[in-house]
Each structure stands twice: as C-alpha cells, then as structure tokens.
S.K.: 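Take a look at the following structure, please.
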Amino acid sequence: MEQFCAYNGSSLLWDRNQKRHAEPTSHTHCFLNTVLVWIPCAYLWLLFPFYLLYLQQNRRGYIRMSYLFKAKMAFGFVMILFCLCKLFFTLWELNQGIRRVPLFLISPAVLGITMVLIVFLIQYERVRGIQSSGVLFVYWLLSLPAAVLPLWFNLQNTLQDGTSSGTFYYVTSYIYLTLVLVELILFFLVDQPPFFSEGLHDSKPCPEISASFLSKITFWWLSSLILKGCRQPLEVEDLWSLSKENTSEEIISRLESEWKKGIQQNTEHVTFHHQQNEASSTHAEETQVLMMSHAERSKTGILLRAFWRVFGTYFLLGTLCLVICDVFLFSIPKTLSLFLGFMKDTEAQVWKGYFYAALLFLLAFMQTLFEQRYMYMCSLLGMRLKTAVLGLVYRKILVLTHAAKKITTAGEIVTLVSVDVQKLMDLIIYFNGIWLAPVRIVICFIFLWQLLGPPALSGIIVFVLVLPLNILIAKKRHQFQADQMRHKDKRARTTNEMLSAMRTVKLNTWEDFFSRKVLGLREHELGALKVSQVLFSLSLSSFHSSTFLIAFIMFAVYTLMDKKNVLDAEKAFVSLTLINILNTAHSFLPFCINATIQAKVSLNRLATFFGLEEMDPDCVDKCTITSYQECIHVKNGTFTWSKDSSPCLKSINLLVPKDCLLAVVGQVGAGKSSLLSSLIGELEKLDGYVSVKGSVAYIPQQAWIQNATVKSNITFGQELDESWYNRVIEACALQPDLEVLPAGSNTEIGDKGINLSGGQKQRLCLARAVYKKASVYLLDDPLSAVDSNVGQHIFENIIGPNGLLKDKTRVVVTNAINILSQVDKIVVLVDGEISEAGSYHELLQRKGNFADFLRQHSKVERNGHHNSKEIARNMPSEEELCSHRTDNTVNQDGGPKVANVNHVNEATSEEVGRQTETDKRQTGRVKVNIYLDYLRAVGSLLCLYIVLLLISQQAASFTRGYWLGLWVDDPVINGTQQHSSLRLRIFGLLGLVQALGKFGATSSILLGGIIASRHLFQHLLRNVVRCPMSFFEQTPIGNLLNRFCKDMDAIDSEIPDKLKSWLGFFFTLLEIYTVIIVVTPIATVVIIPLTVIYICFQSYYVFTSCQLKRLESSSHSPIFSHFSETFEGSHVIRAFGEQKRFILQNDARVDISQRTRFPAIVADRWLATNLEFLGNVIVLLAAILAVDGKNHLSPGIVGFSVSYALQVTGILNWIVRSWSDVENNIVSVERVNEYSAVPKEAPWTLAMNSLNNAWPADGRIEFRDYGLKYRSDSDLVLKNINVTINKQEKIGVAGRTGAGKSSLVMGLLRLVEAAKGQILIDGINIAEMGLHDLRGKITFIPQDPVLFSGSLRLNLDPSHRRSDEDLWRALELALLKDFVSDLPGQLDFQCSERGENLSVGQKYLICLARAFLQKSKIVVLDEATAGVDLETEDLIQSVIKKQFEDSTILTIAHRINILMDCTRILVLENGQIAEFDTPGNLIAQKKTFYKLAEESGLV
C-alpha cells in the first residue's frame, strides 16, 4: 500500500492523527484519488449485471436520438477522452523521468473504463425506453464529492502554503468538476416518450412514467394534481389511467391461475392419501371425513400461498427498502453520539461539527426516502391485492351453485369485499413489524449495553412480563374479532333484506320490527367490539409503558448496583434516544399484532367463501352447432337442487327436436321450473345425460333486470341492430310503455327494476331473450304477468307457430291451456317425473293426467266464473308465478310504476332517462359541523374527560423528563450522586401516573368511538326507514349498503383509532415544544416558520386528499351494486353465456375505483416525504446552531435539544398524517348524515288523532275529487276521482296498461301522497292519520312473495302478537298445514334469505297466510291468486271470500274473469274513471269494460 499510495512522503491512505487535529486539507492525496473515485465506480459495476437483466426483461419502447441523449453521449465521450488524457499525461511524466505512483495510472483507467460502461448504458437505456436513469443519476451524485474535494484540496494547499499538485492536475480538477456537474444536470432532465409504448395510446397517462428519477423518489410528480385539487373540485376525469401492472386484467388472471393450481394440487393430494388409507384401513368412512376436513382447513393455506406467489416478490423488494431504512435509522444515534463527543472535545476542529451535522441530515434524509418507498410499495401492493380479491370474489359469484347461494348472501359478500379486504390491505403494511420490531429492540439493547454496560440487559425483564400479557390479550381479541364479524355478517344480511323488501316492510308497518332486529344485531356487534377495544387499549398502554419501565429498571440497576455509577447527561439522553426507538417499535408492535389477528379472521372468511361449491361446467353437454335434429336430449336424468336434498326430478327422458314448440305443464311443485333449470345446468345432476345443442336464451320465473337503460337490458351485450330491435319491441308489446317513459329506450331502470311493473319486467326479460337470436329458448311462464290481450299478442307474435321464434326450439312452462292446442308437443310433470308426453290430441285421447288437468280447469271455470262463455285465454297458473318481480315491486297492472307514469313531460333535460341517483359526493374540505356532529355523538362530558386525561398524561411525562434533568445535574460528591434513591422513586411514580393516564385516555377515545358509532348508526337507520318509497326507487341499494357497511366500519374502527393517534401526537408535540423552547429559546426562530410551512403543506394535502377520498368512496357503490345484481342474476348470466362480459364490466368498475385510490396513495407519500424533509432541515439547523454555540452550551443541554429536535420531525409528520386520516375517514360521518336531509314520509302515528282499535268499523271508502302525481312538477296520473265504496262491497279495478290501477292503491295506502282532494275511510280523512295507523288497518295481498331469513313463525307474525293456534289456522286456510307439519321444526323451520329454500308457490301461500292473520275491514288484492295453479286458485278464492266476507275488498286483476264475481267494477282509463257499475251492466253498455271482457273471451 505504501508503494501504491506513496506521495510527497506520505504513505497512508488516511492520516488518523491529522484527521483528529488538522484541517480537512490533511486528507491524503491517496484517499481523494482512490476511495472517493472508486466508490461510485464500484457501485455501478456491482449493480450493472442486475440492472442489465432488468433492462432486458422490461422494454418500454424505443426513444429516438433526442438532443438530450446526444448531449449525454457527447459529454460521456468527453469524459472518456478526459480519462485518456490523464492516463497519457501520466505516461508522459513517467517517460520524462517524473516519478508517479500506480494510483496515477489506475484511477484514470478505472474511471475511463467506467465511462465506457456509462456510455453503453446511456445507449441501451434509450433502446429500452428509459426516459430517466436512476442508476446513472445516483452514480453522478456519488461522483460529485470525488470532484469537489480534490479541487478543494488543491485550493487549500495553494492558499495556505502556496504549494500545488501542478497546473495540469489543478486544471483537470476544474474540468472534472465541470463535467460531473453538467452530467448531473443532464440526468436531472427527462427524455422524450418512447415509440411503441403503451402509454402513447393513453389519453391520461400517469405523469410518473415521464417524471425524472429525483421526482419519482420524492413524489414531486404529484404536485400538479395537488395544486389542481386546491384550485377546483377533482373529478374522475382529472385522474390518470392505471398502468398495466395495476389493472384488473393483469392482476386477477395471475391470482386466479395460482388459486386453481393450488386447489388442483390439494385435491390430488387428498385423493391420493384417501386411496391409500381406503386400501389399508378398515375405517374408510372415518378416513374420508378426516380427509375432507383436512381439505377444508387447507383452503386458507392455498389462498395464502396464491397471494405469495403473485405478490411475494414485490413484497420482498419493499421489505428490502425497510431493512435499508433501519440501517440509516440506527446510524442516526451513532452519529449523534459522535456529535455529542465533538461537543465534549474542546480541541476538536469546527469542521468536524459541521460534518456530523451534515451527516445527521443526510442519514435522516436517506431514511425518509427508503421508508416512504417502502410505504408506497406496500400501499400499491395493497391496492393490487384488493383488485385481485374483488375480481376473484366476483368470478366465484358467477359459478356458485344453488346450494352455495343458500348459505351466503349478498350482504355477506359486500362485507367480504369491503371490510375483510381492507384488513388484508392493512396487514401488508404491518406484517414486517412482527419480526422487525424485535430486531430493532435487540439492536437498541446492544447500543444501550455500550452506554450502560450489563445494567442495560435488565430491561429484558420488561419483555418477560409484557409479551405473555399481550399474547394472552391477542388470543382474546382474536375470539372477539371473529365474534364481531359473525354479528356484522348477520346485521349486513338483515339490513340488505330490509332494504331490498322495503315496500313490503312499509305496507305491513314492519319498520319498527326490522329496526329493532337490526339494532339488536348491532348491539351484539358493538358488544364484541367494545371488549376488543378495551383489550386493545390495555395492550397499547402496556407497550407504551414498557419504554418507561425499561428506562426505570435500567437506571435503577445502574445507579444501585454501584454507587460510583454516575448517571450523567450523555448516558441519560443518549439512552432515552435509543429508548425512543424502542418506543416506536413498541407502538408499532400492537398494531402489527392487531392487524395480523384481523387479517387471519378475514383470510379464513375469504377462503371459506372461495371454497364454496361451484357449478359443474360439464353437467350439460353444450354445443353451438345447430345442424342437429334433436336440440335437447335428456336421458335417464335425475337431478337435485343440492347434494343434501332429495331429487326434485327423477328418471327424466326427453327429446326435443329442432324448431319444436314444447309446453311443460303440471301442478304445484311438479318440477316444471326445475326441468328448465336442469337444461341450463343449474341443478346437481345425480345420474343420466343432458345435451343442449346451440345457443340458449332463458327467461326465469323471477324477472331479473339490470340497473341500466331499457335498451341495454334488451340488447344484453349484443350489437344494436335497429331494425331487429324495433321488431322485438313491437312483438313484446313494449312500444306503449316506451312512449310514456321519460327517455324511451334510453330510460334508466332502477335497482331490480324497481321503477317498472311486473308486466313490464317480464316483457323486458322476454325481449332480452328474443333479441339474442338464440337456437334454444327456455321460457318459464312468460305470459303470467300481462293482460290477456297482451299475452295473446305475445304468443302470436313471438312464441306461437307464426311468431318471431317459429324457427327456434322453444320450451315453455305454462298452465295457460288455451295455447296448448297450438304447441307441437306437451310434457306433463307429476311429482318430479314425466307422466305423459305427446301432442295435444294424443294426450286428450289417453285420458290420463293431462285430461284430468283440463277437466279440473273446466271445473274451476264452472264453479268460479259463471259468466264466462269460454275458458279465459290467458289465465296463467304456474305454481311459482308470483315471483316474476323483485321484492320491491307492487304495481301489477302491466303498466308503468308509480315513479314513472306520465314522466315524459316532467323530466328536465339533464334528468331525462335517469331514474336512479348516483352516489352523492361533497366537494372541498370537510365542514366543521361534521366534526361537531361526531363530537356530539361521543358526548361533551366524555370529550372533556378525554382532554383532561391527555393533559394529565403529558404533564406527568414532562415532569418526569424535567425530574430526570434535575437528577443528572446533581453534583458528584466523592464519585457519587446524592439523593439517587429519592430521584428514582419519584421518577417511577411519575411514570406510573403517565401509564394510567395513557390507558384511561386510549380506552376512553376508543369507547367514545363506539358510543358515537351506535348513535350515528341509529340515526342512519332511522333516517333511511323514514324515507318515502320514492327514495328507495331512486337510490341504488349499493349506495345504501355502502353506508351501512363500509362507512359504518370506518366509524366503528378507523375514526377512533386515527383520532387517538392524532390526539396523542398533538399533546406530545405540545410537550416537546415546551421542552425545546425552555431549554434553547433560539430554536423558536426555526420552529415557528417550520410549523407555518407544515400547516401550508397540510392544507394543500388535506384539501386534495379529501376529494380523492370522496371519489374513492363514491366509486365503491357501483361495485357493490354490481356484485349484488350479479349474485341475484347469475343463473341468467350463465344461461346466456355472458360471464365474460360481466367479468369485464366488473373489472372496469374496479379499475375506476383503483384509479381514484392510486393518487390518494401517492398523495400520502408526497406529504410524508416533504414533511420529513423539512423536519430533517430542522435537525440540520439545530445541529449547526449547536456547533456555532459550542463555547457557551453544555453537552447535556445540546443533547437534550437535539434529541427532542429529532422527535419533532416524526411527531409533526404523524400529526399531519393522522389528521389527514381523520379527515379522510370523517367523510364517512358526512356520508352517513347525508340522508338526514332527505325528505321524510308522514309520521307513523299521530297521538292527537289516535283512533279507536275498532276503526274502521264499516270499511266505507270515499274518494273526493282525488288527484295524484309523483313529483311536484309532473302531471296528474289520477284526476278527478270521485267514487264511494260502501261497506262490505267487493270492488274490482280494471283498465289497460297505464290506466292508473296501481296508482289508486298507492294513494289509498299513502305510498304516494295526494296532490289534490282527499280519501275518507269511515268518514275520516286518511291524510290526517299516521301512516301506521292507516296501513295497519288495511290488508294488502301483493303478487310478490316476500320472505325473510328466519323462522316460519317470524315470517308469519313478526310482531309475535298471534298464538300458535292462530298461525296453524292461517296455514290451514292457505292450504299449507300439511306441508308445514312435515317441515323440520314446523313453525320454527328456518327460511333462507328471500325464502330460497322454498318454492315460489309455497312462498306465495305463506304470504297469503300472513294476510289471513291480519283480517282487516279493508282488503286490497293485487293479482292475489296469480301465483298458483287453477285448482289451488279456486280453493283460495273461496277462502278469501269466506274469510273476508265482512270486509270491503278491492281487487286488481289483469284477468277479467276474476272480477266477474265482484259487486261492482271500477274501470280506469288515462287516470280517470271511465265506468263504475256492476259487471252485468258494464257488459250491457258495451264500452271499455266490454272490450276488455271480449278480449278475454268472456263475451
């Protein structure tokens, strides 16, 4: 080394003696020309192989030779020439006999070869599309000291002693510095976008792509959006597109592939072991059970492994950033020790102090960069994880079997994709803390050992005590977390049921019952959360207190072990600095444990859902070739709805030729709908073979409508063929309906078709099927919900021999016998088996079940409709017909629903076509009154108590620190400090007070959050259930579920947690400010401006961040609505083969949501990077001021000031971030309170007008000049209604589509308030009554069978007012007694959500039994027997007449024959009374009613 570096008598690389006592010019020439030059070169060569591999695998396009590239290359070649010149000059000197050591040759050679590599990388980066090179930027940054210091060395030598290394080397130093600076500036700039890049076709590319390296690592490329958000409200259009690696298309396919691969491997593993055990064990059944149990348990492991395979590499890269961050973190206290050593050393040169100050700043800045890069990568990974899980859950929905859908609900799925996914996202950030926090603790103890010696290890006692306690707390919290999630699921399911069936709830006055039920479940949920939060407070406080305990025990052992051990300022404050790092680790660890516990619960729930049974894609042999003669072939088919139930279809043998029209008939429960379901693969095939050739179009019994326009529902993903579309509209008799809709075919349909009638929905489903031009049509009673003339029109123009589908294979389930003679073939089902099959005439001649079916129909006709001349043409009798509508539909007249009649003139231009409201979004910052609303919900006394606890805690902390300062300042007498025992006891007592205050404050904040959550939830529930029906027709259920699920989850957990953090940091900041200002008043000069700058950053950030949060929150509702919509219509989507399109739609919605999430992630990092940079500047200035004041400041005071200055950076940063989190989450309170401003319906009860229980005694109804409109600016849909209905009269209401039949009922039940006139019942104006007082006295029997999850008893009598005898009597009247007697549990039989475990006909009869229990003086029947077969209908009609003999009955019916037994018939036309008389007189008058009867074949 001496020969290598020998120069001017010095042979040392670094003169340690000179380093200690001399000026910086004493740096040896060897050091300046080797280490400083070779470090950047070594960096580049070590990184080169990895960077080259990265460039080869990631091509972004091709950048043409720009001026920037040419400048980089030119200066690169100049640098090569420069190195060659130095090398040749040295060779020339050697040739001239001038002695030069090897470094003069080696250093230029190494630098020159590195320059060649740099030139190569510049060119290769251009070819691979790199616009800004981070690798080369760092190289030039590292080269800057190597260029500056030699020049400074030469200048110092020249100025001090006139010596110089020579003119050539002096000039080359200048040239080298100039070239390095030029290259550094060039690499600051960004090259032009590459050709052939995907971003070129993106209208909104992310600016990160074209940002410089420095801008990327500091996130300054976001600044333009931050400023834009401050100037104007942000919209989705203002945000950038997602990069390819963040899109659903890229992410979901990878996770789905890994999940399927894991499932397949696990299945093969379980099967192999099962076969081994089955061959070698006599306990085969037990072995099988154990194997299945193992398979179920392994689902969580499979999902976790799939996540790791997809996201593990990126996660490890983030972990590497965190490890590097910790290296810098622990370098800071070491540097601080050197700095304090400098302050103590009176002979140290000043330049060293500035060097240590700059080093402190540099280390802190590097820590910031790596920490924020880690947080960015974790947040981005969380976003990708959410995308993957949402996509996987959605794809799972599309393949769930009927049995699987019984054990899960749409509400539970919403919880999965909102709450549980968030828990997994939180785990990504906190997971590394599980292992990294202990590592930090160990390193801290090592450093403390260096300070205090063996007494430092005494702090381990704290962990021996604290860790078992927290492990026990963690286990208990896990139990309560799981319990809370179970109750949350139940509450979400019940809430979803209530909101979905709100019309039924209101008509039956069940708002109070369901509110109590939801609130009861909510109380159980909050009870579990309350215990969990108390345990969390205990855990958090124990970890915070452990830092004090460590200091207390270490100081106690140190001072008591030997009286000669003096606790001076350096030992105390450096130890406290290290203990502060311990405090960070301790604070982080409970969050990590909490996040892990919650994520484990959520992961298990997701794995359970993903493990649900899926449809067998090979159940039905499908082929798109249409040349087969037999389109449908079923051979020996046996089917069941679930593996645990008995077969619903047995020994089915069916051949349906091409272009055949096949009718399927049968009694209640015969299996007609099940037969169609088996043909589309919805049933579990136990035996046999099923083949369907060609594409399929399917119309279900229960109409499924999308929340989209009429046109979109009909085209259903097909290209628009205007001519064919118009033919379909005409054939489906939809043209009159479109004419009265606000925007015709472009009118948006609400959730579940809520703004359409049952007839409209059914015809819309028919139009969707017809438009598809499929080969095979499966139609499940398509004529049930339409008028007779409309039904005849549909059959003749679509289904029949001359219809649009005449050349298609059609299978029609129906009981309308008037069309049977026109079909090609009839199949009769009895008890799940085909009893007969043949043509109409063949079956009549056999005189079997089909002939009995016709005779029964004739008998019904003779007994029930004596005025008929022939069988009513379009009398549907499908046993499950009642469910052609969703739970929210009441209008059954085939015409427009209440929210749409005559809307054509009322909609403003911007509202035309839109019937539902998008999720509202506020703009600007959150208003102060939102915070006040939340604090009022917490309670003013509790808020005051929390503030007092926080003040007490920080006062105890300040006093403890001040007391420690007095302790270390105690004079040392005879090598010892006096009063150490007293100091120690007081120090411990103050720490205990602080710990108690910490626990009290934390638990009070978290429990106060529960109190606020309970109050806000009750307020939200009360506001929603008090809204009128028009609100539910216009508001998608996804918006409501978003409030009740995700927003309430934020209020439950996020707001209290973030508020706790902010308050803790804020009061800690007040303490730190107080200490710094008292000790070093001059620091105020820096702290005050810094605080102002911090506030400016916060203001900019929070303003934009809140808008991004609102955009993100509002983007969730379309996703939730789409999930719920798909869950209910998955069988239709599968039948049409539209899974891929719906998956793409969902992916697009998720991408839009993540498009709003990504800028919010970057904004968090932008804030943190800028704030921590400013804080690092404060540390730098504080250290420089300390160096300048070294002569009059003691080391203890300096250490005290600088150590607290280091804390200011983190505290101020966390204050802004915590407050931003609070403001971002307080948006949930704003959204929850949003519905308080929605107009409410009339009071439920009016005490001043309380009625006698016997009211109405007669049931006399009088309409006086009654008019009704649906909106204040719309036309009247009912006009000048003047009619009197006497007591016990049986009134039929007739009219064509849109006549106003259902509007009349809506007015009577006050679902819509009167626009003019009044309705009197027994002389009392119903407008002056409470809604429950009115609706509770009117029995309404709808066509929709609405059941709820729960016992059969609950569905019959939710208020529990009736005895079991009354319930059995009602069931007997509804012909259900025998059926219920055979059910497991009988009245306690558990109905699934929407009654999915009952047939539609059975559900309808249960609804009838519910009506029989009420038995009011006024009864309204809306197609009351449309959902049962003819025989059952006859029996029920007779029961209704008998049971309601003393009641006034209003009957709305499409089928005129039902109205022929009424006392009088009210005929409506265009919202006015056209006729009102007895049936005989109306027939004789030959006007409107006569035409209706004629169309029905009655005259």
Side-chain angles (χ1 to χ4, degrees), residues 1 4-5 13-14 29-59 69 72-88 90-91 101-150 172-173 175-177 179-188 191 212-214 216-217 316-317 320-321 323-324 327-328 362 366 369-370 373:
M1 194 68 179
F4 181 78
C5 293
L13 180 70
W14 184 275
H29 190 274
C30 184
F31 174 79
L32 295 175
N33 288 276
T34 55
V35 175
L36 289 183
V37 174
W38 294 353
I39 283 177
C41 295
Y43 148 80
L44 189 60
W45 282 103
L46 288 173
L47 201 61
F48 171 67
F50 304 100
Y51 188 50
L52 184 64
L53 181 64
Y54 169 79
L55 291 177
Q56 289 176 344
Q57 294 180 351
N58 296 271
R59 180 168 186 173
F69 166 76
K72 290 178 181 178
M73 292 291 287
F75 280 98
F77 284 116
V78 170
M79 290 289 287
I80 295 174
L81 292 175
F82 170 79
C83 295
L84 290 174
C85 288
K86 290 190 68 175
L87 184 63
F88 289 142
T90 302
L91 292 174
V101 294
L103 71 86
F104 281 85
L105 290 172
I106 295 176
S107 289
V110 170
L111 187 61
I113 295 173
T114 305
M115 288 301 113
V116 174
L117 176 62
I118 289 174
V119 170
F120 166 75
L121 285 177
I122 293 173
Q123 165 64 12
Y124 197 60
E125 284 177 339
R126 180 183 70 84
V127 174
R128 307 306 289 184
I130 303 297
Q131 296 177 257
S132 177
S133 175
V135 171
L136 295 182
F137 177 82
V138 173
Y139 170 82
W140 292 115
L141 201 60
L142 292 174
S143 299
L144 191 59
V148 172
L149 290 179
T172 55
S173 296
I175 295 174
Y176 183 60
L177 175 60
L179 291 175
V180 169
L181 286 175
V182 170
E183 287 283 21
L184 187 62
I185 293 172
L186 290 177
F187 278 89
F188 260 110
D191 213 332
S212 67
F213 173 74
L214 187 63
K216 288 179 180 178
I217 63 175
L316 289 178
L317 288 175
L320 178 62
C321 290
V323 171
I324 296 174
V327 172
F328 291 114
L362 181 62
M366 294 303 295
L369 291 182
F370 279 97
R373 180 55 49 176

S.K.: Tell me the closest heavy-atom pair linking Leu136 and Glu125, and the distance in Å.
M.R.: CD1-OE1, 3.7 Å
S.K.: Would Leu44 and Leu121 count as a side-chain contact (heavy atoms from CB on, under 4.5 Å) here? Give the steps.
M.R.: CA-CA 11 Å; Leu44 189 60; Leu121 285 177; 4.1 Å; yes
S.K.: Heavy atoms, side chains only, cut-off 4.5 Å: are Phe370 and Val327 in contact?
M.R.: no
S.K.: Please check this pair: side chain of Tyr43 against backbone of Val135, looking for a donor-acceptor N/O pair closer than 3.5 Å.
M.R.: yes
S.K.: Met73 and Gln123: which non-hydrogen atoms are nearest, and at how many Å?
M.R.: SD-N, 4.3 Å
S.K.: According to ring-ring contact (aromatic ring centres under 6.0 Å, His included), who are the partners of Phe88, at least two apart in sequence or on a separate chain?
M.R.: none
S.K.: Taking everything shown except Phe75 itself, do over 12 heavy atoms lie less than 6.0 Å from its CZ?
M.R.: no
S.K.: Which pair of non-hydrogen atoms, one from Pro108 and one from Leu87, has the smallest distance, and what is that distance?
M.R.: CB-N, 4.2 Å
S.K.: Could you pull out the closest heavy-atom pair between Cys321 and Arg373, with the gap in Å?
M.R.: SG-CG, 3.9 Å
S.K.: Mind checking ring-ring contact (aromatic ring centres under 6.0 Å, His included) for Phe213 and listing every partner two or more places apart, or none if nothing turns up?
M.R.: Phe137
S.K.: Testing the basics here: between Trp140 and Val180, what is the closest heavy-atom pair and its distance to 0.1 Å?
M.R.: O-CG1, 3.9 Å
S.K.: Test of understanding: with side chain to side chain donor-acceptor pair (under 3.5 Å), list the residues that count as partners of Arg128, not counting sequence neighbours.
M.R.: none
S.K.: Could you give the distance from CD1 (Ile113) to CD1 (Ile118), rounded to the nearest 0.5 Å?
M.R.: 12.5 Å
S.K.: Could you check whether any side-chain heavy atom of Tyr139 comes within less than 4.5 Å of a side-chain heavy atom of Pro40, counting everything from C-beta outward?
M.R.: yes
S.K.: If I take atom CD from residue Glu183 and atom OG from residue Ser143, how far apart are they, to the nearest 0.5 angstrom?
M.R.: 10.0 Å
S.K.: Which atom pair, heavy atoms only, marks the closest approach of Leu184 to Leu141?
M.R.: CD1-N, 3.9 Å
S.K.: Does some side-chain heavy atom of Ile122 sit less than 4.5 Å from a side-chain heavy atom of Phe187?
M.R.: yes
S.K.: Which label fits Phe120 and Tyr124: parallel for a plane angle under 30°, tilted from 30 to 60°, or perpendicular past 60°?
M.R.: parallel
